[in-house]
Amino acid sequence: MPYFKTIGTVCYEGPTSKNPLAFKFYNPEEKVGNKTMEEHLRFSVAYWHTFVGDGSDPFGVGTMLRPWDHYRGMDLAKARVEAAFELFEKLNVPFFCFHDVDIAPEGESLKETYKNLDTIVDMLEEYMKTSKTKLLWNTANLFTHPRFVHGAATSCNADVFAYAAAKVKKGLEIAKRLGAENYVFWGGREGYETLLNTDLKLELDNLARFLHMAVDYAKEIGFDGQFLIEPKPKEPTKHQYDFDVASALAFLQTYGLQDYFKFNIEANHATLAGHTFEHELRMARIHGMLGSVDANQGDTLLGWDTDEFPTDLYSTTLAMYEILQNGGLGRGGLNFDAKVRRGSFEVEDLFYAHIAGMDSFAVGLKVAQRLIEDRVFEDVIDKRYKSYTEGIGREIVEGTADFHKLEAYALQLGEIQNQSGRQERLKTVLNQYLLEVSATL
Ligand code: XUL
Ligand code: CO
């Protein structure tokens, strides 16, 4: 039975199309550089926002009108799978992502939860046999249930640590069964509220123990997907351990985990940390740790995680610039960890929102590709750091200079000459590329 009766397959119709249910810029087969748009962008639908989210917020109940609303329990879970594959096909998306609790309700016991999961995973597996849509990643929800009130792997209660381990063990088995490209760790409740009751060292050690156990178990069962850490600075806890890429990287390196993980960078998490999206992508990229992206955007006027669908073309351009410079996302993708606004409660809005996000990243891809082809920033940057390719700068970089040598050099220097950084001119060039490329789309 179709759930989205009013909607047919969404196709590319070009930038002048007035059809709201068509792509204007995302043309999956079109080549950009040596790959198609579909191969570059690897779009993914987030199960939780699109099939589970009801639009409730701290001030009001749900508003979403969904054709599966009348079902309950396992019937609801099954209806959502049917709706999901219908939407995947109509949007022609290559990937999806889920938390365990998104796909199946928790039972009275862990055993019953496993049973519910098994039933739905059987169904997903069956659908995936004939669908092109693959699993980008799955994860375990270790934050919603009251048992995780003090954290999961960083809980003060060892029983909770064990329970969380069991959920991740099951998640890895599901990932292996469904051929997931990645497995995500977002430390929802892994943080603290006050140091007055917190053994910070034990909590961090335990988090590392937990992740090492996950690495070991993936090896044991032969799951070869990429492990991803998703940093976020706050929400729900005041101080989250995986604050941003820099702090999570230090954690991974401290505990010998850096070779087993990459990052899943979420735009709105970057901005909550006081960084730009592109800063977090760059930080991960230069360390060889850029794995995947949760594609969304925040609101500059609000200080919380609004998870909007991405429509800011500057942001998608600079994000795609980092991704192209990274040589692509490998096994990662662009997952729309984004939700329609509370007032956008009709099913059509789910399609409009994904179309908006996919088109915005398609524009970003094309502009970024042109910027890189023309070496717009590279030439400026090469010139700006030229002093490190010759003379004393070269000695600094090659390690043949020490403080004695540098002091002797500095003592004979005349007045130091600096050059302008030319930020404003570069921003104009960026605008020109955005407008020029958009005009030729
Ligand atoms: C929360 C968030 C999560 C993770 C997966 O802000 O981004 O949905 O992506 O647990
Ligand atoms: Co996310």
Side-chain angles (χ1 to χ4, degrees), residues 42-54 56-58 95-103 106 135-145 148 151-154 164 167-168 170-172 174-175 180-191 207 210-211 214 225-245 248 261-273 275 277 280-281 284 290-299 302-310 315 319 329 332-340 353 357 361:
R42 297 171 62 85
F43 287 128
S44 157
V45 172
Y47 210 93
W48 52 103
H49 286 309
T50 292
F51 306 109
V52 183
D54 65 359
S56 55
D57 70 10
F95 294 103
F96 71 115
C97 296
F98 63 80
H99 301 82
D100 47 6
V101 302
D102 306 331
I103 59 164
E106 289 198 82
L135 186 57
L136 185 66
W137 51 260
N138 61 313
T139 185
N141 177 319
L142 305 177
F143 43 91
T144 299
H145 193 279
F148 300 118
T154 64
K167 292 235 300 168
V168 172
K170 183 72 178 170
L172 291 170
I174 292 171
E181 301 271 333
N182 309 271
Y183 188 86
V184 161
F185 294 84
W186 171 56
R189 301 269 171 200
E190 314 293 23
L207 182 55
F210 190 91
L211 296 176
Q226 172 69 55
F227 274 13
L228 300 170
I229 293 262
E230 184 177 325
K232 183 175 181 181
K234 52 192 165 197
E235 287 187 40
T237 59
K238 185 161 61 180
H239 186 108
Q240 304 260 144
Y241 289 133
D242 300 327
F243 186 93
D244 61 0
V245 169
F261 286 82
K262 286 191 174 175
F263 287 105
N264 183 37
I265 310 285
E266 179 163 326
N268 204 169
H269 295 181
T271 46
L272 284 177
H275 301 307
F277 184 21
E280 286 292 80
L281 293 168
L290 176 51
S292 198
V293 169
D294 269 5
N296 64 9
Q297 68 185 29
D299 187 314
L302 302 173
W304 65 90
D305 198 14
T306 58
D307 284 346
E308 293 171 25
F309 273 83
S315 177
L329 287 170
L334 295 173
N335 171 50
F336 290 113
D337 191 351
K339 58 186 172 205
V340 288
F361 267 94

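All ligand and atom numbering here is 1-based and tracks the order in the structure. Computed from a predicted model, the values in this text were never measured in an experiment.
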Could you check whether F98 and F51 have their ring centres less than 6.0 Å apart? no
Which of these, N141, T139, D100, sits in a side chain to side chain donor-acceptor pair (under 3.5 Å) with K167? D100
Please work out whether the ring planes of F185 and Y183 are parallel, tilted or perpendicular, with thresholds of 30° and 60°. perpendicular
Can a non-hydrogen atom of E235 be found less than 4.0 Å from any atom of ligand 1? no
Nearest to the Co ion (ligand 2) - the N/O/S atom of E266, by atom name: OE1
Using a strict 4.0 Å cut-off to heavy atoms of D294, name the atoms of ligand 1 that fall inside it. 9 (O)
With H99, the ring-ring contact (aromatic ring centres under 6.0 Å, His included) member among F143, W186, Y47: F143
State the atoms of ligand 1, each with its element, that fall below the 4.0 Å cut-off from a heavy-atom position in D305. 6 (O)
Answer yes if the side chains of N296 and D337 hold a donor-acceptor pair under 3.5 Å, and no otherwise. no
If you stand at the Co ion (ligand 2) and look out to OE2 of E230 and OD2 of D337, what angle do those two lines make, to 10°? 160°
Short N/O distance, under 3.5 Å, between K232 and ligand 1? yes
Proximal atoms of ligand 1 relative to W48 (non-hydrogen, under 4.0 Å): 8 (O)
How are the rings of W137 and W48 set relative to one another: parallel (under 30°), tilted (30 to 60°) or perpendicular (over 60°)? tilted
For the Co ion (ligand 2), the nearest N/O/S atom on D294 is atom OD2
Nearest non-hydrogen protein atom to atom 5 (C) of ligand 1, with distance, is H99 NE2, 3.2 Å
Distance in Å, H269 NE2 paired with D294 CG, rounded so as to fall on 0.5 Å steps: 7.0 Å
So which heavy atom in the protein is nearest atom 8 (O) of ligand 1, and how far is it from that ligand atom? D337 OD2, 3.2 Å
Please check whether N264 reaches ligand 1 - meaning an N/O of the residue sits under 3.5 Å from an N/O of the ligand, judged on distance alone. no
Part of N141 within contact of ligand 1 (heavy atoms, under 4.0 Å): neither
Whether the H275 and D244 side chains hold a donor-acceptor pair (N or O, under 3.5 Å, no angle test) is what I'd like checked. yes
